[in-house]
There are 4 protein chains.
Amino acid sequence: MGSDHHGNRYGRSEQARTAVLHAADDLLVEHGFAGLTIEKIAAKAGVAKQTIYRWWPSKVDILLDAYGPDQARDLTPADLGSLDADLRAHLATVASFLTTSDAGAVYRALVGQAQHDPVLADRLRSTHLADQRVRDRLPFERAIARGELPSDVDIDAAAQRLIAVIHYRVLVTGEPVDRSFTDALVDDFLAQ
Amino acid sequence: MGSDHHGNRYGRSEQARTAVLHAADDLLVEHGFAGLTIEKIAAKAGVAKQTIYRWWPSKVDILLDAYGPDQARDLTPADLGSLDADLRAHLATVASFLTTSDAGAVYRALVGQAQHDPVLADRLRSTHLADQRVRDRLPFERAIARGELPSDVDIDAAAQRLIAVIHYRVLVTGEPVDRSFTDALVDDFLAQ
Amino acid sequence: MGSDHHGNRYGRSEQARTAVLHAADDLLVEHGFAGLTIEKIAAKAGVAKQTIYRWWPSKVDILLDAYGPDQARDLTPADLGSLDADLRAHLATVASFLTTSDAGAVYRALVGQAQHDPVLADRLRSTHLADQRVRDRLPFERAIARGELPSDVDIDAAAQRLIAVIHYRVLVTGEPVDRSFTDALVDDFLAQ
Amino acid sequence: MGSDHHGNRYGRSEQARTAVLHAADDLLVEHGFAGLTIEKIAAKAGVAKQTIYRWWPSKVDILLDAYGPDQARDLTPADLGSLDADLRAHLATVASFLTTSDAGAVYRALVGQAQHDPVLADRLRSTHLADQRVRDRLPFERAIARGELPSDVDIDAAAQRLIAVIHYRVLVTGEPVDRSFTDALVDDFLAQ
DNA sequence: ACTTAACCGAGACGGTACGTCTCGTCTTTAG
DNA sequence: CTAAAGACGAGACGTACCGTCTCGGTTAAGT
């Protein structure tokens, strides 16, 4: 069957892997990034420290593993039939994800740590951020297919101007990012 | 006389203070935030750990002290006679400050750490970020005074949309922020 | 079939058994008792750890297995025709065995470990030491049979006084135990 | 005053030092040499591990420090006025020390460990064993001064033959070493 | 000049977490 | 059923820093 064993030569324990990811997630949300230690993850997951070090070089690698699926699940924009609706819904989702979800807390911690760690920054950008950029393009690509937008529009630039402000407020100024704010962003963009 | 003493009851040693600030700055640039320890700052500054703990509660407080003057010196937008010129110059200055200067490295470290430390985030926002927001308004305020912009324009919103993209690329995506990019931002804004 | 198999339903592998004993012996002599780990024995013997744990409870049990035959082979006193000759030869053999042979190194390690481990001490005494005590009596028993000694002599006490000094110098003081020393012991004993 | 401080540049804490030595002693007696870990010593002594590593390279160094004074205190032979009395008393004291005292347990552990560690063996011999050899000579030196023995007697050899048997029984055979046994040793020696 | 008291350097202290090592157990696949 | 292989939970290792403390020396204002 392949996954519910205690450890053998033919592969790692899926049980231990998920226990570690969940423990890391919980501890980050409860005690913050500084309170997230390998020691505590191991204790909470009921796992030996060596098992963690065997599979993850550091605690940020655990967070990277834990974050990936959440992002794909929560940040894929739905097709609501129009660019206006798609963008309003997606920006509101992004704002809520970043400010209120556990996965958003993991994301903020990773971006924070990336400021101190260029290797992490590279990994984060080449994996999760690149993945998300593809998802952020979807509303625009669908709008072009519908004929709502000309086909030569610079999608990445447009998406970035909308997404950037949300991240800036979340990561830097700490100002709230509510529905009226994200709707205003869309209004401005569509009025252009 | 007030600054070159080894210690007495009537005040702290200015020599020790500046040695600590410079040591912290150097260590941050050389070894990154994780390599910045009180122990190493003390050793590099030729100062006792207790002297550091007497005056700064933590290493981020040292960085906050070290950062303040740099920001005011480097990020005040000059008056070049027109909104167009002022914005082009200011955004280019901000981009260069954030990506290439030592003070920019300190800023990025502080914003990074603020993701893990809400108290630091509050302090950063209520002091340095609030100060900078005032400076970022200057081009717009001068434009209103010149009659280039109507007096009811939402300055903070306008400034934020321009500044946010630069921060997003610096802090999150790591994309370069060169002169042509900042100029395009200004073009877009003025065309609106 | 009997001995050269890789693991099957017909019993343990003699090949694995001897490989373990030899690997343990080698590692003890090369790297000392602390450098003798089950992990290293398994690696050197080309055997799985579990195979060792299946057959030996601990590393000292491996050493006990390895030691037994050596002692019987090397420490049985020959009959040279007289008490004087027998004792001189035997004590010299014992001294040389303890100080220079690989088996002597194993013995010293076992006695050393027995100081920390009462269970090992008991096992060592009830097996190997009891066996050796029988062998150490032989010169005296032959001397009584020859009429060189009265039949009521306390053989164990006599043997112990001679053997003890050799062990003391080997285990405690580290002083050399050369032929002149053992001969002097015999001289003293016979002059009594 | 010089000894009751918490730690500063002018010297180590005597309080921490004695707490470590006592903890090590207690743990050895309670849990044996294998159960004696730096971790547990630190915990029991209420001391940081680093404090132990600062002053002692290993746990055997702690035991060496702890053992020294005990040996000098307990194993110095008193002058009872005659060789016969001095020897009987001293051998009985040695036997009792080795078999029943806490310090004797430390000694046995050190000698046991010395079988695995030549560096420890050298240190033990050049310090504590050399010191004890001096004390073991005292009854004989006093006997020569009294005229009980000729001045050319080989004191070290004589002392060793008596002492060795006790150590052999304690360290190797585990046989009891009671007063009648040590008295018989003295009888034999004096009858010679 | 002398006292006084805060500040200075140095560094030992009790701790926490690190990342590594080895232990003895458990689980799988092959013969 | 035994074997090899190796992942597992457990826990001690020795190191690095943390933030606190105590010490003796330095310095300058107030006697």
Side-chain angles (χ1 to χ4, degrees), chain A residues 1-2 4-13 15-16 34-40 42-43 45-55 57-59, chain B residues 1-2 4-13 15-16 37-40 42-43 45-55 57-59, chain C residues 5-13 15-16 34 37-40 42-43 45-55 57-59, chain D residues 2 4-13 15-16 34-43 45-55 57-59:
Chain A
M1 46 78 237
D4 184 34
H5 53 77
H6 187 70
N8 62 51
R9 70 185 299 190
Y10 297 97
R12 62 193 288 192
S13 161
Q15 199 170 302
L36 180 70
T37 66
I38 299 281
E39 210 104 324
K40 281 181 189 151
V47 143
K49 280 167 64 180
Q50 186 56 47
T51 298
I52 297 182
Y53 283 109
R54 185 162 19 239
W55 301 111
S58 74
K59 67 179 181 180
Chain B
M1 48 82 236
D4 184 32
H5 54 77
H6 186 70
N8 61 52
R9 70 189 295 190
Y10 296 98
R12 64 192 287 192
S13 161
Q15 197 171 303
T37 66
I38 299 283
E39 210 104 312
K40 282 181 187 152
V47 145
K49 281 167 64 181
Q50 186 56 47
T51 299
I52 297 181
Y53 283 109
R54 184 159 23 233
W55 301 110
S58 75
K59 68 179 180 179
Chain C
H5 51 78
H6 184 70
N8 59 40
R9 64 173 55 168
Y10 302 103
R12 68 188 287 192
S13 160
Q15 196 172 302
T37 67
I38 301 280
E39 212 101 78
K40 282 180 188 153
V47 144
K49 280 166 62 182
Q50 187 56 43
T51 300
I52 297 181
Y53 283 109
R54 185 160 19 236
W55 301 110
S58 75
K59 67 179 181 179
Chain D
D4 185 32
H5 51 76
H6 187 68
N8 60 51
R9 70 187 299 189
Y10 298 98
R12 63 194 288 192
S13 161
Q15 200 171 302
L36 181 70
T37 65
I38 300 281
E39 209 105 325
K40 282 181 188 150
I41 296 172
V47 145
K49 280 168 64 181
Q50 186 56 48
T51 298
I52 297 181
Y53 284 109
R54 185 158 23 233
W55 301 111
S58 74
K59 68 180 181 179

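In what follows, every chain begins at residue 1, and chains take the letters A, B, ... in the order their sequences are listed. Below, all heavy atoms of this structure are taken into account, side chains as well, without hydrogens, waters or symmetry copies.
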[N] OP1/OP2 closer than 4.0 Å to side-chain N/O of [X]:
X       : N      : result
B:Trp55 : E:dC7  : no
D:Arg54 : E:dC13 : yes
D:Thr51 : E:dA12 : no
C:Thr37 : E:dC23 : yes

To the nearest angstrom, how far is [X] atom [atom1] from [N] atom [atom2]?
X       : N      : atom1 : atom2 : value
A:Ile52 : E:dT20 : CD1   : C1'   : 14 Å
B:Lys59 : F:dC17 : NZ    : P     : 10 Å
D:Ile38 : E:dC21 : CD1   : P     : 19 Å
B:Gln15 : F:dT26 : CD    : P     : 15 Å
A:Glu39 : E:dG19 : CD    : C1'   : 10 Å
B:Tyr53 : E:dG9  : OH    : C1'   : 16 Å

Pair of N/O donor and acceptor under 3.5 Å linking E:dC21 base with A:Gln50 side chain: yes
task: Answer yes or no: side-chain N or O of A:Lys49 and base N or O of F:dG9 forming a donor-acceptor pair under 3.5 Å.
output: no
- request: Begin with the C-alpha distance, continue with both residues' side-chain angles, and end with the deciding distance and a verdict on side-chain contact (heavy atoms from CB on, under 4.5 Å) for C:Lys59 and C:Thr37.
  value: CA-CA 7 Å; C:Lys59 67 179 181 179; C:Thr37 67; 5.6 Å; no
- request: Please name all residues satisfying side-chain contact (heavy atoms from CB on, under 4.5 Å) with C:Ala42, sequence neighbours left out, ordered by chain then number.
  value: C:Lys49, C:Ile52
- prompt: Roughly how far, to the nearest 0.5 Å, is CD of C:Gln50 from CD1 of C:Ile38?
  reply: 11.0 Å
message: Checking contacts here: which listed nucleotide (F:dA12, F:dA10, E:dG9) is nearest the side-chain heavy atoms of B:Ala16?
response: E:dG9
- request: Return the minimal non-hydrogen interatomic distance between D:Ser13 and D:Ala16, and the atom names on each side.
  value: OG-N, 3.0 Å
- prompt: So which one's nearest nucleotide on DNA chain F is more toward 5', C:Gly46 or D:Ser58?
  reply: C:Gly46
query: Toward the 5' end of DNA chain E, which comes first, A:Lys40 or C:Lys40, by nearest nucleotide?
result: A:Lys40
